[in-house]
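Right, one structure below, let's go through it.
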Amino acid sequence: MTATAKPAAPSRGGTDTPRRSGLLLTAAAWFVGVLFVFPVLWMILTSFHKETDAASNPPKFFAPLSLDGYRAFFDAGPWPPILNSLTASIVSTVLVIALGLPAAYALSIRPVKKWSDVLFFFLSTKFLPVVAGLLPVYLFAQKVGMLDNIWLLVILYTSMNLPIAVWMLRSFLAEVPDEMLEAAQVDGAGLLRTLREIIAPVIMPGIASAGLICFIFSWNELLFARVLTGTRAGTAPVFLTGFVTSQGLFLAKVCAASLVVSLPVLAAGFAAQDKLVQGLSMGAVR
Amino acid sequence: MSTAIDTGRSTAAGPKKAKLSDRARGERSLGWKLAGPAFLVMLFVTLYPIVYAIYLSLFNYRLTDPTGRRFVFLGNYVTALGDPLFWQAFVTTFIIVIVTLIFELILGMGIAMVMNKIVIPRRTLRTVVLIPYSIITVVSAFSWLYAAKFDTGFFNHWLNFFTFGAWDLNYDWFGGRWSSLLIICLSEIWKTTPFMSLLLLAGLAQVDSAQEEAAKVDGATWWQRLTKVILPNMKAALMVAVLFRTLDAVRIYDNPYVMTGGANKTLTLSMLVGTETIDRVEIGMGSALAVILFLIVLIIAFIFVKLFKVDLTGGRN
């Protein structure tokens, strides 16, 4: 899957570095890396401990392992919230790409008049403080009876993620060579065919990384989900906060729950790691 | 010192009222058709709330007392801006923004430079560094909360161990404003530095290594190379990264909400809006605060774009 991706970061400057300083740098890099992952490792370890060992301080590294924490979490009925989260994240991500791709195309390949203003409008909405929109959205949802409805979150996440997706996709579209487009035009290819046969292959990594970012954002979103949903449409982070609040002192359970809820994002992140980096980089500088 | 600052595009595109050909007009209408749906969705979900919030902010209106709704014009804004709690939240928010930004920049730059240099396990390292970024914010907040709490956490134990017992095992990190803020900032830095370093890594890729070599040959010190060659050359990426993180950090909510709930003067602006609207259902006041927060964000974005000439749009012209 990732084998076709072109190298995301250039390896300039690394070739002539003296061996020893290179080794030192590598060691430093790994030290920082481990420092960054340490809290996660600690959580993984704790999640497999029995409560008594998890609560011990300093932490016991060699305590017997147990699945009690995970059992307790799954007994608490996490599946409806997880399904809700999956629905909200996946559907909104698909919608974002479906809406964002044509918009990005219009912005980068067939420039709309004053397109930089348009683009700035797109981006500025990304910067809106989320809380500021919370109350109006709540009142609106109340009026139309969409409170505690997962589709409300789908709509919200779609619009919240659209700007960043358009922005990232645009930078990938800018990579499509003009000559290719012109050739397609000369050959009489229609818009749909151009999109499908010329543009899609070039910007696949862009779509993947924009999609992944949108997935991560909507999966992790808490504020709207907490306020706008109740028992039926609650998402995984909402469930998790509730679980942690009620089981706060049972560390193993809390760690297990946190890890399970983070798992989809971690898995997706690992799967598309190269594309993610590439997409972030391109989105940032182009 | 650094004279090469003005890299922004000048907007010299004067009013061009040339007659459009049919084809150009067709192109343009196609463009609007393509961008239209996305536009509409965003207008509906972003513009509508803001306009509605501005409208609501002009009333003294409590959800539990609908009959007591009164038009107060800018009264809510006057009250909000005269409230010490608002300014306290303002200061707290900006302390967090500035502290995290500085450390994220330095750390992120360091990590980016190292990642740019080392060859051996770059892929693995990148994956590893990305882990905090993909952890749910709430989860990371909880994990830091438990690590720092005096009854459950390992912070105190390790500090105690490394200071040979000088550190108080029962030190309450969440007992005071500054220690709480320290943990909040640490957790923010931990979570977002990876993202920062990736953005900066992309910027580093733009720096011409020949220039750096030339500077090296000319005897420029490491610091000179960094400040005179590397940083000016990656200014675009740097500014975008700083802008993104600043605006993101101004809205900080999850982390302090989970860790302190706003106790000990750690309330942030977003949390203030949250408590007014959600907990106290003071809709008029909450909306006024939301509008103020929105204006703050807008002003920051404006300063960045106009003053520092951050070019967000770049690309084909």
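Remember, predicted model here, so these are calculated numbers, not experimental data. Here is the naming used below: chain letters follow the sequence lines, and residue numbers restart at 1 for every chain.
- From Leu139(A), atom CG reaches atom CG of Leu56(B) across 6.5 Å, with rounding to the nearest 0.5 Å.
- Using a 4.5 Å cut-off between heavy atoms, Val261(A) touches chain B through backbone and side chain atoms alike.
- For Glu221(A), there are no salt bridge (Lys or Arg N to Asp or Glu O under 4.0 Å) partners, not counting sequence neighbours.
- Here Tyr48(B) is the residue among Tyr55(B), Trp144(B), Tyr48(B) with the most heavy-atom pairs under 4.5 Å with chain A.
- Comparing Ile283(B), Asp254(B), Leu289(B) by how many heavy-atom pairs each has under 4.5 Å with chain A, the most go to Ile283(B).
- Of all heavy-atom pairs spanning Pro49(B) and Pro136(A), the tightest one is O-CG, 3.3 Å.
- Counting heavy atoms from C-beta on, the side chains of Phe140(A) and Tyr52(B) never come closer than 4.5 Å.
- Only the backbone of Ile189(B) comes within contact range of chain A, with heavy atoms under 4.5 Å apart.
- Every residue two or more places apart in sequence or in another chain that forms a side chain to side chain donor-acceptor pair (under 3.5 Å) with Ser187(B) is listed here: Asn255(B).
- Residue contact with chain A, scored on non-hydrogen atoms closer than 4.5 Å, involves the side chain of Tyr257(B) exclusively.
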